[in-house]
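This report concerns only the one structure given below.
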Amino acid sequence: MTEQQGRESEGYDFQAIQDRWLPVWDQLKPFEVSEQETAKPTKYVLDMFPYPSGDLHMGHAEAFCFGDVLARYWRGRGYDVLHPIGWDSFGLPAENAAIKRGVDPREWTYANIAQQKASFRLYAPSFDWSRVLHTSDPEYYKWNQWIFLKMYEKGLAYRKASWVNWDPVDQTVLANEQVLSDGTSERSGAVVVKKKLTQWYFRITDYADRLLDDLDQLEGKWPTKVLNMQRNWIGRSRGAEVEFEIEGRDEKVPVFTTRPDTLHGATFMVVAPDSDLAAELAAGASSDVRMQFQAYLEQTQKQTEIERQNADREKTGVFLDHFAVNPVNGERIPVWASDYVLADYGHGAIMAVPAHDQRDLDFALKFGLAVRVVVDVLDENGVSLPDPASSGVATTGDGTLVNSGELDGLAKDAAIARAVEVLESRGTGRAATTYRLRDWLISRQRYWGTPIPILHAQDGSMQPVPEAALPVVLPSTEGLDLKPKGTSPLGGAEEWSTVIDPATGAELRRDPDTMDTFVDSSWYFFRFLSANDDAQAFDPAAAKKWAPVDQYVGGVEHAILHLLYSRFITKVMHDLGYIDFEEPFMEMLNQGMVLLDGAKMSKSKGNLVEFASELEAHGADALRVTLAFAGPPEDDIDWADVSVQGSAKFLARAWRIADDVETSGAAVGVSFADGDKALRKHTHHLLADAPGLIESYKFNVVVARLMDQVNFTRKTIDSGAGAADPAVRESAEAIAVILSLFAPYAAEDMWAKLGHEATVALVEWPVADPSLLVEDEITMVVQVDGKVRDRLTLSASVTDAEAEAAARASQAVQRSIGDRQVVNVIVRLPKIVSIATKPA
RNA sequence: GCCGGAUUGGCGGAAUUGGCAGACGCGGCGCACUCAAAAUGCGUUGUCGAAAGACGUGAGGGUUCGAGUCCCUCAUCCGGCACCA
């Protein structure tokens, strides 16, 4: 007898079980799905694909555990399940690591991918390994370029010069979404500065309304938090555009306001100092004003985002020596420049209504500008709030319009509507909507990304690379300086950059920038449908069969960027006619984080739970059960609060039941009908409840129910029925099938011990027998004045009257009623009889 | 400031959505097995109380025969947005 068999004969041995089944599964490839039509309905279950920075970590273990539970569940429920895996393998960490080690980013990237693949194999999520993709493969990024060209054709990809977010550490631009609210880069942590650069953008703002409105369809299917975040991010605000004349300027200046009702209270105008308008107005002013403005502009631009976003600081600004004309009352109002107005929101200029906007009031009080009340706002006692000019507090609530000509006497909402009508009839304004969302800046000045398929001529004109010439493959890093230096390393690849136009013989240069890696991940879920197809990005027929993704699983850290971009690209694909749906992810689960002692794990803090060592010590099954059992999947898991040993103990107990059946139990195929009734009921209640629990992500409860089932089965065996009872086999089979979602190895071994062929992962779930779900006895609670006084065991067929009589007959109930008078009796079978009393 | 979410034993959490609060597990305690320990198994474990019983789901109020669950007010924590006009 080998040493291993020796250990095994003592009982459950996770190592031996893993070693036994891994090769079998490798050979069976049970999770590969074909394109062929089958009669089965389909589910597409997807985890957010990993970035290959080193080996997998506990965060991956958690997310992929949950995704796999759902994928395996739907298979068990009779669906064809597409559950693919790939790698988000372009990006800065690879490039930075490569620079540090002096190697090609490819080496680092693909070595990490190989390691993660090996870890995944052991961890055993039920992936279809025939559809693997890596975004850094030319076979993949070719289609990034194809999407770019399609968007370029549609005018959805364009270049413009603008103030952009610049990361001085990574030496590249960032999208708005990649700048944290404290003004630092989400990647490098550096304080982001503003630079004026010509860059490529995707026109996501064209889709702002659809991206916002379609969130309603996802209500109840996506976490509320994510919907909320997306809505905040898009930030639609409705109001009006009002055109102001500026004296000495032909063109009118539009401003955006959400409060057109307060137009009569506009006593000055403010423009953003870094706007074109400010520069133009300053240029037309006295030299004194020009100098003041110049100094102010420089001061503004020196500020970091952090400083600028500090709302508490004193208002600053300069008078631009110009006057605007209020279109509703013809009043001359001064025009100022101040950094509290942003150049890239609305029109970069505002009408200031100091009485009813705190920012405008602060500015007016600082610079001695007029404050005029146009809305009479009352406090809770019906008394008018004090004049903001003296109180220093702007009144922003609802109220009655005053000092406002034709709007006088109207309430806020009516006044807004009327003001818009008046503006429209006079042609000086209209209803308008603005968004917080900006266009998506997609160019990056780095090497390890998708080359932008555009050629630049000497005269500055551009032409797209023809589709047939795709992919534009990244040049080798040989002789290329990848160090961040503010311009793209690709520009240094002379031979690669230079292209001769076959039509004209003219020398063209390739665009040197690469795409934001969020482009890669904004459509990878489509590529999985046709991962090996080199003729198209994806097959629309496959999309019809599998897409959209039925179940998406991933971290909430992608709640804005990745999900917003994916939704956008999906809508673009829809508009291009490739798909017939507009939302990519039907249901979403955001798993929490894995913490240690209440803190995020990190190598530098030394509080790390290593995935690899946990896997080695306890095995994949115990790890997965621990993660699933810890609590609701969306909550954080503190590794200090869980017990992997506890999970292993449970698995051993479950496994021993199958072991008992193997040695002394009922044979395969035995009729369960004669089995122990109580155990059978227990089993069928589990079978009946498990689907609803899984579908509502209550994995922890399902594991608890499995533990309960194991305990109950063990008690049944020990209390006389013995392992030979057919109900024990029935229970063991049900445990194996449901357990296979969480612990595929142990469940497979149980399944084999129960005399079945591999693999349990493809077994359809047994259906609960309704006749075993009905109780013939009920335990009814009797309450007197809301307090439980007795529990009665009654036949399930009792009538209300019988139940009431039984309740009144109870000694305990009579004692607690005492000499009080019964005023009301409520019977709710089969749960409760509630008796209300009052003093006699 | 605006928006959203949370708060249940020593700990993680459960409660069929208004009907027995604390399932299941961790930890603790006791017992069995053992020379002993580990492992395993069995029992026990909300608080106060010897018991009967009383109290108990962040705080206060309300609706209801009945509230962890619904409504109002408040506190604390977490998340998003924020000089966004």
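Heavy atoms only: backbone and side chains are in, while hydrogens, waters and symmetry mates are out. From a predicted model like this one, the values you see are computed outputs, not experimental measurements. We name chains A, B, ... by the order of the sequence lines, and we start the count at 1 in each one.
- Between the P atom of B/G5 and the CG atom of A/Leu227 lies a distance of 11 Å, rounded to the nearest Å.
- Using atom P as the reference point in both B/C26 and B/G41, the two lie 10 Å apart (nearest Å).
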Donor-acceptor pairs are to be reported for all side-chain atoms of residues 644-654 of chain A against protein atoms at under 3.5 Å, with residues two or more places apart or in another chain.
from: A/Ser647; atom 1: OG; to: A/Thr626; atom 2: OG1; distance (Å): 2.7
from: A/Ser647; atom 1: OG; to: A/Ser643; atom 2: O; distance (Å): 3.4
from: A/Arg653; atom 1: NH2; to: A/Asn711; atom 2: OD1; distance (Å): 2.6

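- Straight-line distance between the P atoms of B/G60 and B/G12: roughly 22 Å, to the nearest whole Å.
- Looking only at distances, a side-chain donor or acceptor of A/Gln230 sits under 3.5 Å from a matching main-chain atom of A/Ala559.
- Judged by Watson-Crick or G-U wobble contacts below 3.5 Å, the nucleotide B/A21 has no partner.
- We find that NZ of A/Lys715 is positioned 12 Å from P of B/G41, with the value rounded to whole Å.
- Across all strands shown, the partner of B/G4 is B/C78, judged by Watson-Crick or G-U wobble contacts whose two distances both fall under 3.5 Å.
- Under the 4.0 Å criterion applied to side-chain N and carboxylate O atoms, A/Arg624 and A/Glu62 are not assigned as salt-bridge partners.
- Atom NE2 of A/His356 and atom C1' of B/G1 are 19 Å apart (whole Å).
- Taking atom C1' on both nucleotides, B/A67 is separated from B/U8 by 14 Å, rounded to a whole Å.
- Listed nucleotides B/G80, B/C81, B/C83 differ in distance to A/Met229; the shortest reach to its side chain belongs to B/G80.
- Base-pair partner of B/U63: not found among the strands shown (Watson-Crick or G-U wobble, both distances under 3.5 Å).
- Base pairing analysis places B/U47 opposite B/A54; the two distances defining the Watson-Crick or G-U wobble pair are each below 3.5 Å.
- Across all strands shown, A/Val353 has no heavy atoms under 4.0 Å from either base or sugar-phosphate atoms.
- As rounded to whole Å, 20 Å separates atom P of B/A82 from atom CG of A/Asp362.
- A side-chain contact (heavy atoms from CB on, under 4.5 Å) with A/Val375 holds for exactly one of A/Lys412, A/His264, A/Arg259; it is A/Arg259.
- B/C42 and B/A51: their C1' atoms are spaced 27 Å apart (whole Å).
- Using a 4.0 Å cut-off between charged nitrogen and carboxylate oxygen, A/Arg236 and A/Asp213 count as a salt-bridge pair.
- You'll find that the side chain of A/Tyr340 is closest to B/C83, out of B/C65, B/A85, B/C83.
- Side chain to side chain, A/Thr683 and A/Gln709 meet the donor-acceptor criterion of an N or O pair below 3.5 Å.
- Looking at A/Thr395 and A/His356, their side chains do bring a donor and an acceptor atom within 3.5 Å of each other.
- Taking atom C1' on both B/G4 and B/A39, the two are 49 Å apart, rounded to the nearest angstrom.
- Nearest nucleotide to the side chain of A/Ile560, out of B/G80, B/C83, B/U40: B/G80.
- Spacing between atom CG of A/Asp785 and atom P of B/U64 amounts to 15 Å, rounded to whole angstrom units.
- Remark: B/A15 base-pairs with no nucleotide in the shown strands. Criterion, Watson-Crick or G-U wobble with two distances under 3.5 Å.
- Note: OH (A/Tyr345) to P (B/A82) measures 11 Å, nearest angstrom.
- Applying the side chain to side chain donor-acceptor pair (under 3.5 Å) test between A/Asp339 and each of A/Lys315, A/Gln299, A/Arg313 identifies A/Arg313 as the sole match.
- Along RNA chain B, the nucleotide nearest A/Thr257 and the nucleotide nearest A/Arg815 are compared for position; the residue whose nucleotide lies closer to the 5' end is A/Arg815.
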Could you go through nucleotides 44-49 of chain B and list every protein N or O atom that sits under 3.5 Å from one of its N or O atoms, giving the distance for each pair?
none

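- Rounded to whole Å, atom P of B/U40 lies 8 Å from atom CZ of A/Arg656.
- With a glycosidic angle no further than 90° from 0, B/G9 counts as syn.
- Using N1 to N3 plus N6-O4 or O6-N4 for Watson-Crick, or N1-O2 and O6-N3 for G-U wobble, each under 3.5 Å, B/A39 pairs with nothing.
- Using a 4.0 Å cut-off, no side-chain N or O of A/Arg436 falls inside it from OP1 or OP2 of B/A85.
- Annotation: of the two residues near RNA chain B, A/Gln230 and A/Ser237, the 5′-most nearest-nucleotide partner is A/Gln230.
- Taking a pair to require two hydrogen-bonding distances under 3.5 Å in either a Watson-Crick or a G-U wobble arrangement, B/G10 pairs with B/C26.
- Here, B/U47 and B/G56 have their P atoms 16 Å apart, quoted to the whole Å.
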Kindly determine whether A/Glu557 and A/His562 satisfy side-chain hydrogen bond (donor to acceptor under 3.5 Å, both in side chains), including the steps that lead there.
CA-CA 9 Å; A/Glu557 65 272 18; A/His562 164 60; over 6 Å; no
Protein heavy-atom contacts under 4.0 Å, written 5' to 3' over nucleotides 9-32 of chain B as B (base), S (sugar-phosphate only) or - (none), form the string --SBSSSBB-BBS-BBSS------
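- With its glycosidic angle more than 90° from 0, B/U64 is assigned anti.
- Side-chain contact annotation: A/Ser731 with A/Thr713, donor-acceptor N/O pair under 3.5 Å present.
- For A/Asp362 and A/Tyr340, the side-chain atoms include no donor-acceptor pair closer than 3.5 Å.
- When the C1' atom of B/A39 is taken as reference, atom CG of A/Asp13 falls 14 Å away, rounded to whole Å.
- One finds a salt bridge joining A/Arg231 and A/Asp216 here, because a Lys/Arg side-chain nitrogen approaches an Asp/Glu carboxylate oxygen to under 4.0 Å.
- With both ends at atom C1', the span from B/C20 to B/G61 equals 27 Å, rounded to whole Å.
- Only the P atoms considered, B/G19 is 35 Å distant from B/C2, to the nearest whole Å.
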